[in-house]
Amino acid sequence: MLYSQDQTWASEALERFLLKMTVMRERACTKIPYTTKNGKYDDNSTLAAEKSMGIGWWTNGFWAGMMWLLYHETKEERYAEIARFSEEQLDTCFDEFYDLSHDLGFVYQPTAVADYRLTGSQAGRRRGLHAACLLAGRFNPAGNFIRAWNDWGDGRDTTGWAIIDCMMNLNLLYWASDELGDPRFRQIAMLHADTAMSAFVRPDGSVNHIVSFDPETGILLGSLGGQGYGEGSSWTRGQAWGIYGFALSYVHTGKTEYLDTAKRIAHYFISNIPEDGRIPTDFRAPVEPFYEDASAAAIAACGFLELADLVPALEKDLYRKAAVKLLRTLDSRNCDYNPDTDGVLRNCTAAYHDKTHEFHIVYGDYFYLEALLMLKGSDFRMW
Ligand code: GLY
């Protein structure tokens, strides 16, 4: 009974989202948005005169990802047309190469792989497999980790850095193994996930953002603050990647340690959700200034809903209730349903020490939509 109330609420929230999206998609149909400027989406496509973050930016798959989720939900061909525009623009990433990072999963799974899975597109399959090979090529067998970023030219050597976010990118490798019947991709993903379990997840269920290894010997050198408040803190989006990423590694491998790890991070997250449901950028930052990250709430909600599907009946309520609390808070406090402006989820924060905080970011919208569809009972899973 309670569950059907949640589903009804999710359908209503999805209606609000769709009413805005049908107007917004036409304004943004040739864009690859990251955030909004003066109420309108910016543009990372190769056609944009003024790019926001560039064509290799890690978030460039999420606009198309929303289009594919809604194509599946509504069967409207227009969503597929818009998604394909992004997918084709993204071929420049392969040519430019240096900007690519461990985030190939975030870019190619909601674009090319979704296209292949939903329409059978062979171009989508080829692009997805190409991206998976590039991601596998970032694996360092000395420390059993996938290198996060290439050097940024600012003097810092990132050769031995791995980050918790990568747990979500492993899904591209699991897909490639299933698609090719070739276990190598899955083996690399599991070696990385095993390293992440021991090097990122702390005994209390909180997680490090960046861990540094000696790239020659694989010896663990220590952790770095990354996008949260500082070393030893608890960047909430990283916690959310951990919950969802480990839960999905369990889905793809059946290894119960991954499920237990996802639950441990989830219990830490749930015990830190503030009374008002607004998720800070870091659970261990000072109380003031308060920088909200609504995207962390949306991603954590997806992770909780995934967990609710994986655990025995007696445990389900804990995760589903936590997801519903977060989603209802987002709907009532954070969502901008005005069709005259772009972007839905306000108050997303990319990194604690950035100059700007609490703005629209496209992955906030993407994971909010994904969570609503999961709660509503959609049979399509992107990852
Ligand atoms: N790189 C993923 C994130 O900022 O969450």
Side-chain angles (χ1 to χ4, degrees), residues 32-35 44 52-63 65 93 99-111 131 134-135 138 145-152 156 158 161-172 192 196 200 206-212 223-230 233-246 248 265 269 279-283 285 291-303 326 345 347-368 370-371 382-383:
I32 302 184
Y34 168 65
T35 185
N44 275 336
S52 184
M53 315 301 264
I55 193 66
W57 189 238
W58 74 275
T59 64
N60 285 351
F62 290 114
W63 171 249
C93 299
D99 280 347
L100 293 175
S101 67
H102 73 118
D103 284 327
L104 282 144
F106 281 132
V107 178
Y108 285 95
Q109 213 162 353
T111 55
L134 292 171
L135 180 56
R138 302 186 71 83
F145 67 90
I146 291 174
R147 178 178 177 177
W149 304 293
N150 300 336
D151 285 343
W152 295 306
R156 284 182 291 178
T158 62
W161 289 12
I163 68 176
I164 188 68
D165 327 23
C166 192
M167 286 306 303
M168 282 300 290
N169 291 312
L170 303 183
N171 301 308
L172 179 67
H192 178 92
F200 285 78
S206 66
V207 303
N208 293 310
H209 180 199
I210 304 176
V211 171
S212 172
S223 66
L224 304 159
Q227 285 159 249
Y229 179 67
S233 75
S234 174
W235 176 50
T236 50
R237 201 159 67 253
Q239 321 302 298
W241 294 138
I243 298 165
Y244 203 12
F246 277 108
L248 288 165
I265 307 170
F269 196 107
I279 300 302
T281 300
D282 196 309
F283 283 134
Y291 300 139
E292 184 172 1
D293 184 9
S295 74
I299 298 159
C302 291
L326 293 178
L345 208 61
N347 312 102
C348 302
T349 296
Y352 187 91
H353 293 290
D354 279 357
K355 287 198 181 71
T356 48
H357 306 92
E358 302 192 356
F359 50 95
H360 287 293
I361 308 184
V362 66
Y363 52 77
D365 291 359
Y366 173 85
F367 283 101
Y368 177 64
E370 184 172 306
M382 185 65 82
W383 313 100

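Computed from a predicted structure; not experimentally measured. Every number for a ligand or one of its atoms is a count from 1 in the order of the listing.
Within the 4.0 Å heavy-atom shell around ligand 1 one does not find Tyr363. Under a 4.0 angstrom heavy-atom cut-off, Trp235 registers as being in contact with ligand 1.
For ligand 1 and Trp241, the ligand atoms under 4.0 Å from any heavy atom of the residue are 2 (C), 3 (C), 5 (O). In summary, the atoms of ligand 1 found under 4.0 Å from a heavy atom of Gln227, numbered by their order in the structure, are 3 (C), 4 (O).
Of the protein's non-hydrogen atoms, the one nearest atom 5 (O) of ligand 1 is Arg237 NE, 2.7 Å. For atom 2 (C) of ligand 1, the closest non-hydrogen atom of the protein is Asp165 OD2, 2.8 Å.
Using a 30° and 60° split on the angle between ring planes, Trp149 and Trp152 fall in the tilted class, from 30° to 60°. Between His209 and Trp235, the two ring planes are tilted [angle within 30° to 60°]. Ring geometry for Trp241 versus Phe367: interplanar angle over 60°, hence perpendicular rather than tilted (30 to 60°).
The backbone N or O of His102 sits less than 3.5 Å from a side-chain atom of Asn169, completing a donor-acceptor pair. A donor-acceptor pair under 3.5 Å is absent between the side-chain atoms of Asp365 and the main chain of Val362, judged by distance alone.
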